Colleague: 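Supplied in structure tokens, the structure appears directly below.
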Protein chains: 2
Amino acid sequence: MSHYLTDYETMLHQRGFRVTHQRRMILDAVCEGDGHTTFDAIYARVQARCPTVSQATVYRALHFFVKMHLVVSADINGEQVYEIATSRHHHHLICRGCGWVGNLDDAHLRDLSAHLLREHGFRADVDHLVITGLCPECQATTE
Amino acid sequence: MSHYLTDYETMLHQRGFRVTHQRRMILDAVCEGDGHTTFDAIYARVQARCPTVSQATVYRALHFFVKMHLVVSADINGEQVYEIATSRHHHHLICRGCGWVGNLDDAHLRDLSAHLLREHGFRADVDHLVITGLCPECQATTE
DNA sequence: ATTACTGCAAAGGATTTGCATGTGA
DNA sequence: TCACATGCAAATCCTTTGCAGTAAT
């Protein structure tokens, strides 16, 4: 993680932005998540370490990181979630029964996105697709 | 449309719910849309015919219709949109540049959902997937 | 020394809710 | 008739913003 941190700090410096104590904590809090961290979870983690950090700062930092492409956000069932951006594209399976989160490699969507580009001229955002459904356990218990 | 209306009215009656003037107007307003109608658009259409209908009623009716599976809702870029439920599964391509909306037949996702079920045991909700991206025109103008 | 960033509190916008009234079956 | 549905307004929730003070470079 440390050389990754160095990279992003250098990048921010080069662009004239500042690396603050708060931003470091907030980015750490995003990294600690399993991949889909809600605002509340991030805010709680930050608060645990530094109770004076305000919600406004967390909101602003998250927007900032998204704009800097260090974090990606998605909307799952009306709730905004955040995840550290990685170079490898992958997608998520979300169980609407129990909240289980699974990963889906980009490879399985290559054909689809190729089709969309060829037939519709549509360039799909393939970096963070969310597919909801039911995991094996939740299929057993009829909703 | 009329026999469809009869069907849903009968269904609601059987379940002990009531078919009111407001609910009819609200469902009509959802039907008039191209498939992704925002709350504001629905409320505006209803207001045009009956200015006394309140937002609360529209919110309540939409939730009600979703629960009755007469309407499906999705979240596009943080905005909730509504669409009449149809038997035919289809998906939507949304241009994040200009808001253009395209349809994508379910057939193109059959392979993917079959794969998910086979490999992950995951039963994907294939009734209303939203894929964002850029349409041909908006690809020209670099965002 | 700049000026980006933060904390606080207030504002803003969207959605929900309590309650008295109205209305469909 | 009587429970369901509505309108109104207040309440609630989430997010953004203005501004004065703080801190990174």
Side-chain angles (χ1 to χ4, degrees), chain A residues 5-6 8-30 36-68 70-71 73-82, chain B residues 5-6 8-30 36-68 70-71 73-82:
Chain A
L5 272 178
T6 306
Y8 99 78
E9 295 197 356
T10 305
M11 183 272 278
L12 292 185
H13 283 151
Q14 284 172 348
R15 298 215 217 169
F17 299 109
R18 290 174 189 176
V19 179
T20 63
H21 187 47
Q22 289 92 332
R23 283 184 175 169
R24 266 193 263 255
M25 284 192 298
I26 293 164
L27 195 60
D28 281 352
V30 175
H36 277 100
T37 317
T38 62
F39 173 85
D40 288 342
I42 294 166
Y43 182 60
R45 281 174 202 154
V46 172
Q47 283 259 306
R49 282 189 213 160
C50 180
T52 61
V53 174
S54 67
Q55 296 200 12
T57 296
V58 178
Y59 276 116
R60 282 190 277 226
L62 289 172
H63 292 169
F64 174 76
F65 288 137
V66 168
K67 198 151 63 184
M68 295 295 126
L70 291 169
V71 167
S73 80
D75 192 293
I76 297 179
N77 280 4
E79 186 161 47
Q80 208 66 21
V81 294
Y82 300 89
Chain B
L5 273 177
T6 304
Y8 99 79
E9 296 196 355
T10 304
M11 183 270 278
L12 292 185
H13 282 151
Q14 283 173 349
R15 297 215 218 168
F17 299 110
R18 292 176 187 173
V19 180
T20 63
H21 187 44
Q22 289 91 333
R23 285 186 173 166
R24 264 193 265 257
M25 282 193 299
I26 293 164
L27 196 60
D28 281 352
V30 175
H36 278 100
T37 316
T38 63
F39 173 86
D40 288 343
I42 293 165
Y43 182 59
R45 280 174 203 152
V46 171
Q47 282 259 307
R49 283 188 212 158
C50 180
T52 61
V53 174
S54 68
Q55 296 199 12
T57 297
V58 177
Y59 277 114
R60 284 191 275 225
L62 289 173
H63 292 169
F64 173 77
F65 288 138
V66 168
K67 198 152 61 185
M68 296 294 125
L70 291 168
V71 167
S73 79
D75 193 290
I76 298 178
N77 280 6
E79 186 161 48
Q80 208 66 20
V81 294
Y82 301 89

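Convention: sequence-line order gives letters A, B, ...; per-chain numbering from 1. Note that the structure is predicted; figures quoted are calculated from it, not measured.
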Colleague: Atom OH of A:Y43 to atom P of D:dC14: distance rounded to whole Å?
Modeller: 13 Å
Colleague: With a 4.5 Å limit on heavy-atom distance, are the side chains of B:Y82 and B:I42 in contact?
Modeller: yes
Colleague: Just N and O in the side chain of B:Q22: are any of them under 4.0 Å from OP1 or OP2 of D:dG7?
Modeller: yes
Colleague: Check the distance between D:dA5's P and B:L62's CG and give it to me in whole angstrom.
Modeller: 15 Å
Colleague: At under 4.0 Å between heavy atoms, how does the protein contact nucleotides 14-24 of chain C? Give one character per nucleotide, 5' to 3', with B, S or -.
Modeller: SBBBB----BB
Colleague: For a quick test of reading the model: is some side-chain N or O of A:S54 closer than 4.0 Å to OP1 or OP2 of C:dC8?
Modeller: no
Colleague: For the pair made of CZ in A:R24 and P in D:dA23, what is the distance, rounded to whole Å?
Modeller: 15 Å
Colleague: Separation of A:E79 atom CD from D:dT15 atom C1', in whole Å?
Modeller: 14 Å
Colleague: Provide the closest heavy-atom pair for B:F17 versus B:R23 in the form atom of the first, atom of the second, distance.
Modeller: CB-NH1, 4.2 Å
Colleague: Write down the distance between CE (A:M11) and P (D:dT25), rounded to a whole number of angstrom.
Modeller: 14 Å
Colleague: Just the rounded figure in Å: distance from P of D:dA24 to CZ of A:F17.
Modeller: 17 Å
Colleague: Tell me the interatomic distance from B:R15, atom CZ, to C:dA25, atom P, rounded to whole angstroms.
Modeller: 16 Å
Colleague: Taking the side chain as everything from C-beta on, heavy atoms only, tell me whether A:I26 gets closer than 4.5 Å to A:F64.
Modeller: no
Colleague: Hey, what's the ring geometry for B:F39 with B:Y59, parallel, tilted or perpendicular (30° and 60° as the breaks)?
Modeller: parallel
Colleague: Between D:dT25 atom C1' and A:Q14 atom CD, what is the distance in whole Å?
Modeller: 15 Å
Colleague: Pairs of donor and acceptor atoms involving the side chains of residues 43-55 of chain A, under 3.5 Å and at least two apart or interchain, shall be tabulated with distances.
Modeller:
| residue | atom | partner | partner atom | Å |
| --- | --- | --- | --- | --- |
| A:Y43 | OH | A:Q47 | NE2 | 3.0 |
| A:R45 | NH1 | A:A29 | O | 2.7 |
| A:Q47 | NE2 | A:P51 | O | 3.1 |
| A:Q47 | NE2 | A:V53 | O | 3.1 |
| A:R49 | NH2 | A:E32 | OE2 | 2.5 |
| A:S54 | OG | A:T57 | N | 3.3 |
| A:S54 | OG | A:T57 | OG1 | 3.1 |

Colleague: So, for B:M11 and B:M68, which heavy atoms are closest and what is the spacing to 0.1 Å?
Modeller: CE-O, 3.9 Å
